[in-house]
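Order of appearance sets the numbers: ligands from 1, and atoms from 1 within every ligand.
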Amino acid sequence: VETYPYNRYHPMGEIYQWMNLIREKYTEVVTQHFLGMTYEARPMYYLKISQPSSNHKKIIWMDCGIHAREWIAPAFCQWFVREILQNYQDNSRIRRLLKKLDFYILPVLNIDGYIYSWTTDRLWRKSRSSHNNGTCFGTDLNRNFNVSWCSIGASKNCADLTFCGTEPVSEPETKAVSSLIESKKKDILCFLTIHSHGQLILLPYGYTQNKPSNYGELIQVGQKAANALKAKHGTNYRVGSSIDILYATSGSSRDWARDIGIPFSYTFELRDNGTYGFVLPEAQIQATCEETMEAVLSILDDVYEKYWYSNSAG
Ligand code: 0X9
Ligand code: ZN
């Protein structure tokens, strides 16, 4: 674990091995949990980081790599896990968070697609499910959740990049995530889903101009996170509701999570702003992860405060 290069992109086999090493080295705080199998029958695992405590804890969910080609996202999930584990004993900020929060981290949601982006097509986005008698492949897993499914910003044509699947939650990967989140939703305070690119912090919704009931605090927490991010290396992010500052989407995990009652739900679109796009050079991994870490910690500090010291998000 000490020698694992966090400033490199890793193929899926190495990420599986990394999860095993992390679990073995940090047995007292990390457990690995099976979520389900992918379409191509690979196991999905998330890492749970939890300090034994008598407090009733809230859950922070973070997934990375729902889109295969966005390699910086899994790199950030791994970076985040390392930062938490290397610092939780000495760093009072992280120690405080872990007293009342458990972190659930899914480093690669779309494993089949991620592997395909390494072996065959660097710019692959979707999953690898087969459709129309094997004439087209892949569902956009971020259009397959059960929220206003395939109503806008998604396609029913399996050849399209935003193919929404054959029905809501038709894909094994979205089933696995949905059922875990559904079963824990009363305890989940914050849902973070990490993408690239565009340098955005997006909040619900993508499928409607309506605003969530806590829109004001979502904007405020998001803007503070963007300020913290910029303070690290000067990178500019925009913050806003998805449909306003990006484009319309239906069936996204973030909107679904908000609509089942998870108060703080955000999509991050990491670096860059289009120069390299999805093919962000490895030389930028470290700075991207450092600044994103500041933004995520800012959100976690805020949701921690808001949950335990006010009634606004209960
Ligand atoms: O299109 C997407 O799913 C995301 N952009 S990406 O370039 N990473 O593919 C945007 C997701 C934002 N979420 C919603 N608009 N619901
Ligand atoms: Zn994406």
Side-chain angles (χ1 to χ4, degrees), residues 9 61-77 106-114 116-117 121-127 138-155 160-165 168-169 171 173-174 177-178 181 190-212 215 218-219 222 226 237-260 262 264-280 288 292:
Y9 297 120
W61 169 268
M62 183 163 72
D63 63 76
C64 293
I66 193 172
H67 288 142
R69 62 194 174 187
E70 299 166 10
W71 287 8
I72 188 63
F76 177 68
C77 263
L106 175 56
V108 185
L109 194 160
N110 177 9
I111 294 171
D112 297 345
Y114 186 72
Y116 193 75
S117 75
D121 178 356
R122 174 66 185 84
L123 292 180
W124 191 256
R125 166 183 172 92
K126 299 187 286 179
S127 70
T139 294
D140 184 343
L141 299 176
N142 207 31
R143 300 294 183 276
N144 189 236
F145 284 81
N146 191 13
V147 61
S148 195
W149 179 75
C150 225
S151 59
I152 187 172
S155 166
D160 287 345
L161 274 179
T162 58
F163 176 52
C164 58
V169 207
E171 307 306 303
E173 295 86 354
T174 49
V177 171
S178 294
I181 301 287
C190 182
F191 182 98
L192 302 175
T193 181
I194 312 298
H195 290 246
S196 72
H197 56 91
Q199 300 176 191
L200 307 166
I201 297 176
L202 302 169
L203 41 111
Y205 292 106
Y207 69 87
T208 174
Q209 292 285 356
N210 296 344
K211 302 302 179 221
Y215 178 74
L218 284 169
I219 289 278
Y237 267 58
R238 289 182 297 136
V239 180
S241 80
S242 221
I243 194 166
D244 293 338
I245 70 166
L246 188 58
Y247 43 63
T249 57
S250 54
S252 77
S253 63
R254 182 211 53 233
D255 287 355
W256 173 78
R258 183 64 192 80
D259 276 352
I260 64 167
I262 297 171
F264 295 95
S265 186
Y266 292 98
T267 307
F268 273 71
E269 296 283 354
L270 304 187
R271 287 194 198 184
D272 59 14
N273 237 332
T275 307
Y276 296 100
F278 302 113
V279 192
L280 188 72
T288 303
T292 308

What's the shortest distance from [atom] to any protein heavy atom, and which residue and atom give it?
atom: atom 14 (C) of ligand 1; result: Thr249 OG1, 2.7 Å
atom: atom 5 (N) of ligand 1; result: Glu269 OE2, 2.9 Å
atom: atom 11 (C) of ligand 1; result: Asn142 ND2, 3.6 Å
atom: atom 3 (O) of ligand 1; result: Arg143 NH1, 2.8 Å
atom: atom 9 (O) of ligand 1; result: Arg125 NH1, 2.5 Å

TODO: Output yes when the distance from some N or O of ligand 1 to some N or O of His197 is under 3.5 Å, and no in every other case.
DONE: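 Min N/O separation from ligand 1 is not below 3.5 Å for His197.
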Open item on the list: Test your reading of the structure: does Glu70 have an N or O sitting under 3.5 Å from an N or O of ligand 1?
Closed with: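 So ligand 1 has an N or O lying under 3.5 Å from an N or O of Glu70.
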TODO: Spell out, as yes or no, whether a donor-acceptor pair under 3.5 Å connects the side chain of Arg254 to the backbone of Thr267.
DONE: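 No.
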Task: Asp121 side chain vs Leu123 backbone, donor-acceptor pair below 3.5 Å - done: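 Between the backbone of Leu123 and the side chain of Asp121 there is a qualifying donor-acceptor contact (under 3.5 Å).
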If we ignore angles and hydrogens, is there a donor and acceptor under 3.5 Å between the side chains of [X] and [Y]?
X: Thr139; Y: Asn144; result: no
X: Asn142; Y: Ser252; result: no
X: Glu173; Y: Ser127; result: no

Classify the contact between [X] and ligand 1 as side chain, backbone, both or neither, using a heavy-atom distance cut-off of under 4.0 Å.
X: Ser196; answer: backbone
X: Leu246; answer: side chain
X: Leu202; answer: side chain

Open item on the list: Can you confirm whether Ser241 sits close enough to Leu203 that some side-chain heavy atom of one is under 4.5 Å from a side-chain heavy atom of the other?
Closed with: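 SC-SC contact between Ser241 and Leu203 confirmed.
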- [ ] Please verify whether a non-hydrogen atom of Tyr247 lies at under 4.0 Å from ligand 1.
- [x]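 So Tyr247 counts as touching ligand 1.
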- [ ] Report yes or no: does a heavy atom of Gly153 sit under 4.0 Å from some atom of ligand 1?
- [x]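 Checking ligand 1 against Gly153, which is what was asked, there is no heavy-atom contact under 4.0 Å.
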Open item on the list: Let me confirm one number: the CZ-NZ distance from Arg143 to Lys126, rounded to the nearest 0.5 Å.
Closed with: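 The distance works out to 11.5 Å.
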Task: Geometric class of the Trp61/Phe191 ring pair [parallel <30°, tilted 30-60°, perpendicular >60°] - done: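 Rings of Phe191 and Trp61: parallel, under 30°.
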In ligand 1, which numbered atoms sit nearer than 4.0 Å to a non-hydrogen atom of [X]?
X: Arg254; result: 12 (C), 13 (N), 14 (C), 15 (N), 16 (N)
X: His195; result: 8 (N)
X: His67; result: 2 (C), 3 (O), 8 (N), 9 (O)
X: Ser242; result: 12 (C), 13 (N), 14 (C), 15 (N), 16 (N)

Open item on the list: Closer than 4.0 angstrom, basic N to acidic O: yes or no for Lys211 and Asp244?
Closed with: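 Result for this pair is yes, salt bridge flagged.
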Task: the Zn ion (ligand 2) contact by Glu269, N, O or S atom under 2.8 Å - done: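 For Glu269, the answer is no, given that no N, O or S atom comes within less than 2.8 Å of the Zn ion (ligand 2).
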Open item on the list: Quick one, Ile72 with Phe278, criterion side chain to side chain contact (heavy atoms under 4.5 Å, CB included). Give me CA distance, side-chain angles, the key distance, then yes/no.
Closed with: CA-CA 8 Å; Ile72 188 63; Phe278 302 113; over 6 Å; no
Open item on the list: Can you confirm whether more than 12 heavy atoms, excluding those of Tyr276, are under 6.0 Å from its OH atom?
Closed with: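 12 or below, so no.
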Open item on the list: Rounding to 10°, state the angle centred on the Zn ion (ligand 2) that links ND1 in His195 with ND1 in His67.
Closed with: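 Taking the Zn ion (ligand 2) as the apex, I get 100° for this pair.
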